[in-house]
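Every number for a ligand or one of its atoms is a count from 1 in the order of the listing.
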Amino acid sequence: MREKSHNLRGKVYIRTFGCQMNEYDTLKLLKLLEGDYEAAGTPDEADLIVINTCSVREKPEHKVYSLLGEIGALKAKKPGLIVGVGGCVAQQEGEKLASGRNGADFVFGTHNISLVPHLVRNVKEGRGAQIAIDYRDGWEELPLGFGEGSRVSVYVAISRGCNKNCSFCIVPRTRGPEVSRDPEEILREIRILAARGAKEVILLGQTVNSYGRDLKPRLSFVGLMERIAGIDGIERIRFTSPHPQEVRDDLIAFMAECGKVCKHIHMPLQSGSDKVLKLMNRNYRVGRFLQIIDQLRDRIPDIAISTDLIVGFPGESKADFEMTLDVMDRVRFSSSYSFAFSPRPGTKAAEMKDVVPQEEKASRLKILQSRQMDHTSAFLEGWIGKDVEILIDGSSASDTNILRGRTSQNTVVNLDRPYADLREGMIVSVRIIGKAKNTLKGALVI
Ligand code: SF4
């Protein structure tokens, strides 16, 4: 039996990898555990360490095993330390993660977060390694209004899983088919968050704009946003990530007409070559993608458009890669997440032939990222001298006395100096007076 702690609350340290959905799951987890654990600043202080994994990017399994090795050294000094692994890698690897000298004490899948307090309790009571990686149908309801303190900008998941099956992506396997969350629960959670001071809500879903198809009665994504826009206190609505195929006229019209919806959209292009898009099983083509961009810019002239790009997908020729650069030049994305393709075991793309050599992938990525830097720089430059509204949501990374805000276009603006009367949650007008690599600098307009 493990020794029982007589402290009022222990300390939990959560290491989070990956996307906003994982960050959101971490907040849920902290909320679920708050009766027994408070957040620790470092792993050394913790009585419970959780690794919330992501398998979308580079060699995540390796990272998790090497982290478990490092934590094993901590465990040797602190035998009561409990270690858990959750998220997509846990969903894939299952009990393997609990085996060996540095194995985790518990492993939980993407549908089993609510079981974590129970798993921890079982470990404390000496019931051996705990594994919970079952898929569950429906939505796993968890404590509402999680997140610490009064956060100004809050994530709210509205759907989970994905029905798209892109050939490079593991998400449909690790998170299962798409399930929409009950709209009344979403609205209830947002009302709680608004009452605590939230001003901006970021709706999350793997393909967020296909929300509602499985609901009875059906409710569209726009229908949901209309109801959210009616909640007192919520000034801004964002969403991520929409799927280009599902960006339809009603969404564009609503973004143009509803003053609360931010003027930013993340449109994952992935490749500018129709041949590669087909291999990726992305069910839009470049022509359609560009048509949507034109429609968005026509209705919302100052919209910022960001994207995701993959280079070196199997079969991508130099000419295909050039096509991606051409689309980038045409759209001029405000920012992008870009990666060299790396195969995820269990996906179709992992079995594809015609692999692009590593050095070629690295060289293409470098070219693409440098092109993006030019576009981002021009995008930022375009704001200089203009007055914009920002929602103050934190402090500058380089000086905690200086407040930071975000434009509707999702660009960070650091204020030029501390302003005594300003605080988080305020929406203020600033004049843009300069730029850094990825951010703007603003002075309050008085
Ligand atoms: S749309 Fe494609 S890339 Fe996005 S989560 Fe679904 S399968 Fe993965």
Side-chain angles (χ1 to χ4, degrees), residues 16-25 52-61 87-92 109-111 135 139 155 157-181 202-214 221 238-248 251 265-286 288-289 292 305-316 324 327 333 336-352:
T16 311
F17 292 96
C19 61
Q20 289 99 337
M21 197 58 100
N22 265 20
E23 285 175 34
Y24 181 77
D25 285 348
N52 189 5
T53 63
C54 166
S55 54
V56 174
R57 307 271 140 84
E58 291 286 324
K59 311 226 175 337
E61 316 79 49
C88 292
V89 175
Q91 190 70 50
Q92 280 176 286
T110 51
H111 291 208
Y135 269 132
W139 187 269
Y155 291 129
I158 65 165
S159 62
R160 183 194 66 199
C162 182
N163 292 343
K164 296 284 187 218
N165 283 315
C166 300
S167 62
F168 54 83
C169 182
I170 197 73
V171 164
R173 245 179 80 171
T174 56
R175 292 197 181 256
E178 185 176 309
V179 180
S180 300
R181 187 177 176 196
I202 306 168
L203 306 175
L204 294 181
Q206 242 78 41
T207 54
V208 71
N209 52 336
S210 59
Y211 174 83
R213 301 252 166 83
D214 52 335
F221 178 54
R238 299 187 188 277
F239 53 88
T240 195
S241 287
H243 192 285
Q245 189 201 11
E246 316 273 350
V247 178
R248 301 186 204 284
L251 176 57
I265 191 164
H266 187 75
M267 287 276 287
L269 169 67
Q270 309 299 6
S271 169
S273 151
D274 280 351
K275 181 191 95 189
V276 177
L277 286 175
K278 200 165 171 210
L279 288 167
M280 288 176 166
N281 201 25
R282 300 284 290 179
N283 40 16
Y284 52 86
R285 296 295 171 257
V286 173
R288 174 68 190 134
F289 187 91
I292 299 168
I305 302 169
S306 55
T307 198
D308 293 333
L309 298 159
I310 296 173
V311 299
F313 191 80
E316 183 193 71
T324 301
V327 178
F333 296 107
S336 65
Y337 294 100
S338 50
F339 303 94
F341 171 76
S342 83
R344 302 269 61 89
T347 60
K348 272 200 189 136
E351 281 143 38
M352 287 181 182

Atom indices of ligand 1 within 4.0 angstrom of T207 heavy atoms, with elements = 1 (S)
Flag side-chain contact, heavy atom, 4.5 Å: Y211 against F239 = no
Determine whether more than 12 heavy atoms belonging to other residues, nucleotides or ligands lie under 6.0 Å from atom NZ of K164.
-> yes
Subset of ligand 1 atoms that lie under 4.0 Å from at least one heavy atom of K164 | 1 (S), 6 (Fe)
Atoms of ligand 1 close to H243 [distance to a heavy atom under 4.0 angstrom, numbered from 1] | 1 (S)
Any N/O/S atom, backbone or side chain, of C162 lying under 2.8 Å from atom 8 (Fe) of ligand 1?
-> no
Would you call V311 and T324 a side-chain contact if the rule is heavy atoms closer than 4.5 Å?
-> no
With heavy atoms of V171 as the reference, note each atom of ligand 1 found under 4.0 Å away.
-> 5 (S)
Where does the angle between the aromatic ring planes of F289 and Y284 fall among parallel (under 30°), tilted (30 to 60°) and perpendicular (over 60°)?
-> tilted
What atoms of ligand 1 come within less than 4.0 Å of a heavy atom belonging to Q206?
-> 5 (S)
With heavy atoms under 4.0 Å as the rule, classify the contact between P268 and ligand 1 as side chain, backbone, both or neither.
-> neither
Around atom 8 (Fe) of ligand 1, find the nearest protein heavy atom and jot down its residue, atom name and distance.
-> C169 SG, 2.3 Å
Interfacing atoms of ligand 1 (cut-off 4.0 Å, heavy-atom, R282) = 1 (S), 2 (Fe), 3 (S)
Kindly indicate whether the side chain of R213, heavy atoms from C-beta on, has any atom under 4.5 Å from the side chain of E246.
-> yes
Please check if the side chain of S273 supplies one atom and the backbone of V276 the other of a donor-acceptor pair under 3.5 Å.
-> yes
Counting from 1 in the order shown, the ligand 1 atoms closer than 4.0 Å to a non-hydrogen atom of C166 are 1 (S), 2 (Fe), 3 (S), 7 (S)
Only one of L269, T307, D308 forms a side chain to side chain contact (heavy atoms under 4.5 Å, CB included) with S336, so which one is it?
-> T307
